[in-house]
Participant: 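Can you keep this structure in mind? I'll have questions shortly.
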There are 2 protein chains.
Amino acid sequence: MLTKKKRLLFQKQAEIAKSISHPLRIAIVDFLKDGDQCVCDIAEHIGSERSNVSRHLSVLVGCGVLEYRKEGLKVIYNLKAPCILDFFSCMTTCLKQQAEDNERLLAAL
Amino acid sequence: MLTKKKRLLFQKQAEIAKSISHPLRIAIVDFLKDGDQCVCDIAEHIGSERSNVSRHLSVLVGCGVLEYRKEGLKVIYNLKAPCILDFFSCMTTCLKQQAEDNERLLAAL
DNA sequence: TGACTATGTGATTATATACTCATATAATAA
DNA sequence: TTATTATATGAGTATATAATCACATAGTCA
């Protein structure tokens with residue numbers, strides 16, 4: 001059986017995973033890998049309402065994936081945990097694997 | 001603006017991330033890193049109903065994180081994408097960072 | 001064959017999440 | 001001061017997810 005310690009760890013890890021479990025949040029992290037950006041530029045880049053983007057950003061900040069600083073009127077967000085990007089490539093590997101599996105299946109029909 | 005290609009990629013990546021965005025599913029993946037297991041042993045280890053575990057397992061299989069084989073009555077699950085484990089350590093790094101931040105904050109009070 | 005065991009699934013309910021709109025806050029400039 | 005701009009947040013609605021229970025399926029063995 002799981003210990004309480006492990007349960008807590010898994011709970012916290014799940015929160016981080018959940019924070020990047022949304023296409024727009026993935027797009028945000030991907031955008032920020034090339035440099036810091038303000039909310040309005042992020043919103044324009046991913047094509048969504050600023051209010052919506054603001055909420056997505058606060059989820060990512062809450063989990064320690066992003067951090068921000070204020071510069072005049074603007075709030076600039078940046079990647080705090082770049083190791084997240086490694087996970088992105090792991091997911092891409094998964095997807096390639098799946099695509100290859102499907103290809104093999106198709107060839108067998 | 002995002003291209004359609006990128007949108008699709010982010011959508012698929014979000015699905016994989018979502019598949020591990022649950023404490024029980026994290027516990028399952030963590031359990032399977034030490035070797036293949038059947039549903040009933042997984043259910044006992046994580047302390048949840050078999051029907052519930054079965055559903056969580058099918059989510060993970062659906063995203064290519066796990067795969068399974070049948071052995072008699074039992075269905076044995078194993079880790080198909082071990083790179084997921086690297087992400088676990090990234091998340092642990094995030095959590096340590098957050099804990100340190102909190103410590104610094106506390107010390108400043 | 002029938003009994004038993006492991007697993008999966010349909011239906012239901014409770015809860016969580018995402019999005020939109022309207023509004024609030026805060027910094028800046030006229 | 002007022003107006004403007006960037007950002008954040010409350011409320012409401014729609015949708016997605018998780019857990020439970022009952023039942024179905026499928027493999028094994030007497």
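Reminder, nothing fancy here: chain letters follow the sequence lines and each chain counts from 1.
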Participant: Do B:Val29 and A:Leu2 share a hydrophobic cluster, counting only Ile, Leu, Val, Met, Phe, Trp and Tyr and linking them when any side-chain heavy atoms are less than 4.5 Å apart?
Facilitator: yes
Participant: Hey, what's the ring geometry for A:His56 with A:His22, parallel, tilted or perpendicular (30° and 60° as the breaks)?
Facilitator: tilted
Participant: Whole-Å distance between D:dA18 C1' and B:Leu57 CG?
Facilitator: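 The answer, rounded to whole Å, is 14 Å.
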Participant: State whether a side-chain donor-acceptor pair under 3.5 Å links A:Asp101 with A:Gln97.
Facilitator: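 On atom types as modelled, these side chains qualify, holding a pair under 3.5 Å.
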Participant: Closest-nucleotide mapping onto DNA chain C: is A:Ser51 or A:Lys18 further toward the 5' terminus? I mean the 5' end.
Facilitator: A:Lys18
Participant: Mind calculating the distance between NE2 (B:His22) and C1' (D:dA18) to the nearest angstrom?
Facilitator: 6 Å
Participant: Which nucleotide span of DNA chain C, 5' end to 3' end, has atoms closer than 4.0 Å to non-hydrogen atoms of chain A?
Facilitator: C:dT17 to C:dT28
Participant: Between A:Lys74 and A:Asp41 (salt bridge meaning N to carboxylate O under 4.0 Å), is one present in this structure?
Facilitator: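 So A:Lys74 does not pair with A:Asp41 through a salt bridge.
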Participant: Please say whether more than 12 non-hydrogen atoms of neighbouring residues, nucleotides or ligands are located less than 6.0 Å from NZ in A:Lys80.
Facilitator: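 Above 12, so yes.
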Participant: In whole angstroms, how far is the C1' atom of D:dA24 from the CZ atom of B:Arg55?
Facilitator: 13 Å
Participant: Could you tell me how far apart B:Ile28 (CD1) and D:dA18 (C1') are, to the nearest whole angstrom?
Facilitator: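 Value for this atom pair: 13 Å.
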Participant: Rounding to a whole Å, what distance do you find between A:Glu49:CD and D:dA11:P?
Facilitator: 19 Å
Participant: Ring-plane angle category for B:Tyr77 and B:Tyr68, please: parallel below 30°, perpendicular beyond 60°, tilted otherwise.
Facilitator: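 Geometry flag for B:Tyr68 against B:Tyr77: tilted rings.
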Participant: At under 4.0 Å, does any side-chain N or O of B:Arg25 touch on OP1 or OP2 of D:dA18?
Facilitator: yes
Participant: Could you tell me the separation between the CD1 atom of A:Ile16 and the CD1 atom of B:Ile26, rounded to the nearest 0.5 Å?
Facilitator: 8.5 Å
Participant: Please report the interatomic distance CD1(A:Ile76) to CG(A:Asp36), rounded to the nearest 0.5 Å.
Facilitator: 7.5 Å
Participant: Hey, does the side-chain of B:Arg50 have a donor or acceptor N/O within less than 3.5 Å of a partner on the base of D:dT20?
Facilitator: no
Participant: Please list, in numerical order, the residues of residues 71-79 of chain B that have a heavy atom closer than 4.0 Å to any atom of DNA chain D.
Facilitator: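 Residues of residues 71-79 of chain B under 4.0 Å from DNA chain D: B:Gly72, B:Leu73.
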Participant: Would you call the rings of B:Phe87 and A:Phe87 parallel, tilted or perpendicular, where under 30° means parallel and over 60° means perpendicular?
Facilitator: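 The arrangement is parallel - the two ring planes meet at less than 30°.
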